[in-house]
Amino acid sequence: MSHNTLLVFEVTILVLAIFLGFEVISKVPTLLHTPLMSGTNAIHGIVVVGAMLVLGLNHKGPFLWIIGFLAVVLGSANVVGGFVVTDRMLEMFKKREPPKKGE
Amino acid sequence: MTVNAGNLIYLVTIVTFILALRFLSNPATARRGNQIGAVGMLVAIVVTWIKTGGTSWWELALGMAIGGGFGAYAARKVKMTAMPQMVALFNGVGGGAAALIALGELHRLLPEPGKPSLDILVAIALSGLIGAISFAGSMIAFAKLQELIKGRPITYPGQKAANLALLGACVALGVVLAAGVQDQWLLWAVVAGGAVFGVLFVLPIGGADMPVVISLLNAFTGLAVAVGGFELENNVLIVSGMLVGASGTLLTMMMGRAMNRSIANVLFGAFGQVAEGAALAAGTDGGTVRSASAEDVAVMLAYAHKVVFVPGYGLAVAQAQHDVRQLADLLESKGVEVSYAIHPVAGRMPGHMNVLLAEANVPYPQLKEMDDANPEFSRTDVALVVGANDVVNPDARNNHGSPIYGMPILNVDDAQAVVVLKRSMNPGFAGIENPLFYNPKTVMLFGDAKQSIGKLIQDVKTL
């Protein structure tokens with residue numbers, strides 16, 4: 001596939017993703033907006049994939065190594081922190097606890 | 001692994017992310033959705049690991065251990081009240097990673113003359129700029145929310161013009177880079193300028209407007225990641241980044257609507273300043289404030305049919321969520337119908353109050369959104385306002401001179417009686433007078449929210 005054809009496809013999925021994003025997010029109740037924010041935060045942690053490619057695919061000296069390594073550290077903090085904190089929050093949303101004594 | 005095989009497996013990841021967001025539409029399925037998303041992320045990481053051919057496995061492992069370890073530790077330790085700054089921090093590091101990737105990609109591509117095509121260069125300049133703005137802006141938002149720096153708006157003359165000029169200069173440098181002057185220092189200048197812009201852009205925004213800023217920065221990071229996908233010709237970055245970009249944009253717009261302010265006004269208005277001048281205009285007609293004892297309020301609550309709690313950020317500051325739930329349970333055991341009315345901007349980020357109450361084991365069906373809560377107030381006996389102020393201020397409905405005029409509020413004054421728990425008569429966060437306190441239906445219970453509710457629990461028990 002020529003470079004330009006690829007670019008057109010990329011722009012197409014970008015635009016479709018915008019509409020899909022609006023569609024899916026508008027169904028999330030205000031009740032869950034904080035977990036939504038931290039959940040989408042975790043999703044943009046996918047940037048770690050790009051960071052891994054920079055660090056892992058290039059062997060052109062120390063500059064790329066340092067940049068790539070830093071990016072991997074930041075990206076992994078984003079991914080792990082985002083998913084863990086979202087899970088912690090969502091775990092707390094319960095319908096009705098069985099009544100606890102002595103609380 | 002071929003590029004195509006890799007991108008096909010990335011498609012699996014994309015689907016899990018979409019499912020994760022879909023499952024978030026219901027609290028019962030939301031947690032499973034997040035876990036599905038996490039599995040999808042793991043798939044993407046493993047595929048990428050294989051793609052890199054395993055030649056630099058220990059660097060990858062070390063970097064991920066450091067970053068992941070920090071992320072996991074911080075995410076486990078953080079208090080639910082500190083959630084906004086946690087989200088800001090994780091958001092910032094994502095933006096920083098996107099900016100670094102842009103710098104790395106340009107460095108890799110440049111030695112071979114004429115190789116990077118125009119679209120790749122545009123993508124590199126854009127993700128460098130947006131990523132840097134998001135990184136620096138998020139760090140300032142974090143510092144403000146963590147109270148490392150002053151939360152109040154910081155302004156100086158010519159601020160907007162200076163910020164615009166800086167942003168314009170960054171864009172111009174990016175254009176020069178893309179137009180063919182392929183010098184890495186140009187990108188460094190763009191990234192550095194973006195970082196300075198991020199700082200200057202968030203500094204003047206007051207603490208009360210942070211929910212809007214955080215969701216906007218979330219959108220920025222998403223956008224930077226999506227553009228990064230163009231650099232690396234990677235489908236999963238494009239789609240996931242843009243999903244987040246769309247989500248952040250939509251949330252930002254919803255927040256603006258909930259405060260009846262345009263996004264431009266939030267970002268450039270430095271709200272605190274406006275409010276101070278207008279505070280006096282909102283007259284209180286010399287009404288008197290009625291103060292009540294805990295015993296009186298306890299009687300009102302215990303003999304009510306329906307009580308609605310209206311929590312604000314003051315409740316979280318006083319750490320009184322658990323006490324409120326105890327009081328609610330006690331009232332329910334006496335046959336009172338209890339629910340909570342939550343304003344969309346209660347707390348320091350969208351939906352924050354719901355999380356704080358869920359942490360205190362309040363069952364989520366009792367948490368009512370504004371549109372569901374408002375029609376209920378007319379058949380409510382007592383509305384108990386705990387640490388909320390502006391979101392129940394009737395001036396937002398009737399007083400054209402009020403800075404919050406037009407903001408949708410919780411109509412607690414429709415209830416038979418209103419009880420306001422408040423530390424003192426000092427005006428709230430935005431410094432605006434509240435006529436609700438002078439309403440004949442209203443009684444004030446002064447004191448620390450946690451102690452007041454403790455007293456109420458005692459007194460209701462003895463009834």
Side-chain angles (χ1 to χ4, degrees), chain A residues 7 10 13-14 17-18 21-22 24-25 27-28 30-34 36-41 43-47 49-58 63-64 67-87 89-97, chain B residues 17 21-22 24-25 27 30-31 34 38 41 44 48 52 56 59 63-64 66-68 70-72 74-75 87 90-91 93-94 96-98 100-101 103-104 108 119 221-222 225 228 232 236-240 242-244 246-247 250 344 349-352 354-355 358-359 361 363-364 367 369:
Chain A
L7 181 63
E10 285 175 344
I13 62 166
L14 179 84
I18 298 175
F22 274 112
V24 180
I25 305 303
K27 297 203 170 59
V28 178
T30 10
L31 173 74
L32 291 177
H33 274 178
T34 293
L36 168 66
M37 280 188 71
S38 75
T40 52
N41 221 333
I43 287 177
H44 72 48
I46 193 71
V47 72
V49 161
M52 289 172 75
L53 291 175
V54 171
L55 177 62
L57 282 182
N58 308 294
F63 175 80
L64 269 180
I67 290 274
F69 187 77
L70 278 178
V72 168
V73 171
L74 294 183
S76 332
N78 186 172
V79 169
V80 178
F83 279 115
V84 171
V85 92
T86 310
D87 189 65
M89 271 191 273
L90 291 174
E91 189 188 359
M92 301 183 317
F93 282 90
K94 299 206 175 77
K95 263 205 163 117
R96 171 68 77 174
E97 285 246 306
Chain B
F17 287 170
L21 293 174
R22 276 199 57 123
L24 261 176
S25 59
R31 191 177 181 206
N34 187 54
M41 183 66 79
T48 314
T52 60
S56 44
E59 291 106 314
M64 293 173 98
I66 295 173
F70 164 76
V87 169
F90 290 145
N91 187 51
V93 293
L100 287 172
I101 291 170
L103 288 165
R108 187 175 69 83
D119 57 293
T221 304
V225 172
L232 298 161
V236 73
L237 288 190
I238 298 178
V239 177
S240 321
M242 211 54 238
L243 283 176
V244 181
S247 145
L250 191 65
M349 70 187 288
H352 193 192
N354 298 296
V355 172
E359 189 192 16
N361 293 324
Y364 65 79
L367 304 172
E369 296 179 13

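Here is the naming used below: chain letters follow the sequence lines, and residue numbers restart at 1 for every chain.
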Under the side chain to side chain donor-acceptor pair (under 3.5 Å) test, residues paired with B/Glu369 that sit two or more places apart: A/Thr30
Shortest non-hydrogen contact from B/Ser240 toward A/Ile43: CB-CG2, 3.8 Å
Check: A/Val73 and A/Phe69 side chains under 4.5 Å, non-hydrogen atoms: yes
With sequence neighbours excluded, residues passing side chain to side chain contact (heavy atoms under 4.5 Å, CB included) with A/Val28: A/Leu32, A/His33, A/Leu36, B/Leu24
Choice from A/Gly45, A/Gly50, A/Gly21, A/Gly75 maximising heavy atom contacts with chain B below 4.5 Å: A/Gly50
Pairs of heavy atoms under 4.5 Å with chain A: top-ranked of B/Leu103, B/Leu21, B/Asn34: B/Asn34
B/Asp119 versus chain A, the contacting section by heavy-atom distance below 4.5 Å: side chain
Segment of B/Leu250 engaging chain A (4.5 angstrom heavy-atom cut-off): both
Per-residue contact mode, B/Phe70 against chain A (heavy atom under 4.5 angstrom): side chain
Top contributor to chain B contacts, counting heavy-atom pairs under 4.5 Å, from A/Leu14, A/Ile67, A/Ile25, A/Ile46: A/Ile46
Proximity breakdown for A/Val79 and chain B, heavy-atom pairs closer than 4.5 Å: side chain
Closest contact, heavy atoms only, A/Ser38 versus B/Val87: CB-CG2, 3.8 Å
B/Met349, part contacting chain A, at a heavy-atom distance under 4.5 Å: both
Minimum-distance pair of heavy atoms, taken over all atoms of B/Ala97 and A/Ala71: CB-O, 3.8 Å
Chain A contact via B/Ala74 - side chain, backbone, both or neither, heavy atoms under 4.5 Å: neither
